[in-house]
Protein chains: 2
Amino acid sequence: MLRNRVKELRARYGFTQSDLGKRVNVTRQTIAFIEKGEFSPSITLALKLARALETSVDELFWLEGDGEDEK
Amino acid sequence: MLRNRVKELRARYGFTQSDLGKRVNVTRQTIAFIEKGEFSPSITLALKLARALETSVDELFWLEGDGEDEK
DNA sequence: TTCATTTGTTTGGTTTATATAACATAATGT
DNA sequence: ACATTATGTTATATAAACCAAACAAATGAA
């Protein structure tokens with residue numbers, strides 16, 4: 001199971017979903033889907049999100065459990 | 001531009017592309033494409049690769065330049 | 001040299017990420 | 001009350017990730 005802290009960190013910086021989307025060049029719906037955990041973004045987008053939220057990819061995203069099952 | 005150290009670290013551990021693919025549940029062609037930089041894997045796969053190669057996603061993958069252009 | 005293994009590469013197919021657009025709801029300010 | 005803004009959510013469409021199968025080239029071992 002893939003988990004992330006995007007919503008939490010975005011709120012901490014006072015960004016709206018639209019704000020964050022503009023910073024990383026995706027739509028606000030894409031941000032919403034990621035926050036809901038509905039899909040696993042590309043590593044390129046993950047790196048940009050980490051940069052926008054001033055953290056590392058490893059702090060922003062993690063696998064819960066052994067993660068052998070997920071795609 | 002997305003760069004990575006998959007090939008280098010895989011060689012260091014003496015894994016074949018097939019070995020690594022099996023460990024992270026993808027085909028060897030997928031590993032080959034990633035090593036060639038031909039696409040940007042999902043964060044889920046990136047996390048599994050980092051775990052298999054005993055490193056962090058941030059050490060394994062990075063954006064060269066400002067990375068504003070890439071998807 | 002022959003055999004087995006690894007890698008490079010291509011092609012066609014399926015699945016998933018992402019875009020765009022739309023509509024509803026909640027909150028905020030006038 | 002009305003307008004604006006942020007979010008939740010859904011639908012359709014496209015691009016990209018990923019699979020499965022194939023074949024050639026390179027390597028290394030017997």
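Throughout, a chain's letter reflects where its sequence line sits, starting with A, and its residues are numbered from 1. Bear in mind that the values here come from a model prediction, so they are computed numbers and not experimental data. As a basis for the values below, the full set of heavy atoms in this structure was taken, side chains included, without hydrogen atoms, waters or symmetry mates.
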Pick base, sugar-phosphate or nothing for A/Thr27, based on heavy-atom distances below 4.0 Å to the nucleic acid.
-> base
Provide, to the nearest angstrom, the distance between the NZ atom belonging to A/Lys48 and the C1' atom belonging to C/dT18.
-> 12 Å
Would you mind reading off the bend of the helix from C/dT1-D/dA30 to C/dT30-D/dA1 from its two end axes, five pairs each, to 10 degrees?
-> 40°
Any donor and acceptor pair, going by atom type alone, linking the side chain of A/Asp58 with main-chain N or O of B/Asp58 inside 3.5 Å?
-> yes
A/Arg5 side chain vs A/Glu59 backbone, donor-acceptor pair below 3.5 Å = yes
Rounded interatomic separation in angstrom, taking CG from A/Leu47 and C1' from C/dA17 = 16 Å
Can you tabulate the close N/O pairs, meaning under 3.5 Å, that link protein atoms to atoms of nucleotides 8-12 of chain C?
residue: C/dG8; atom: OP1; partner: B/Lys7; partner atom: NZ; Å: 3.2
residue: C/dG8; atom: OP2; partner: B/Gln17; partner atom: NE2; Å: 2.9
residue: C/dG8; atom: N7; partner: B/Arg28; partner atom: NH1; Å: 3.4
residue: C/dG8; atom: O6; partner: B/Arg28; partner atom: NH2; Å: 2.5

Do A/Gln29 and A/Gln17 have a side chain donor and acceptor closer than 3.5 Å?
-> no
Between C/dA19 atom C1' and A/Asn25 atom CG, what is the distance in whole Å?
-> 12 Å
For B/Glu38, check side-chain contact (heavy atoms from CB on, under 4.5 Å) against everything at least two apart and list the hits.
-> B/Phe33, B/Lys36
Indicate whether OP1 or OP2 belonging to D/dA17 is found under 4.0 Å from a side-chain N or O atom of A/Ser42.
-> no
Would you kindly give the CD1-to-C1' distance between A/Ile43 and C/dT18, to the nearest whole Å?
-> 17 Å
B/Leu45 CG to C/dT15 P: how many Å, rounded?
-> 18 Å
Taking A/Ser40 for the side chain and B/Thr44 for the main chain, is one N or O donor matched with an acceptor at less than 3.5 Å?
-> yes
Does A/Ser18 put a side-chain nitrogen or oxygen below 4.0 Å from OP1 or OP2 of D/dT5?
-> no
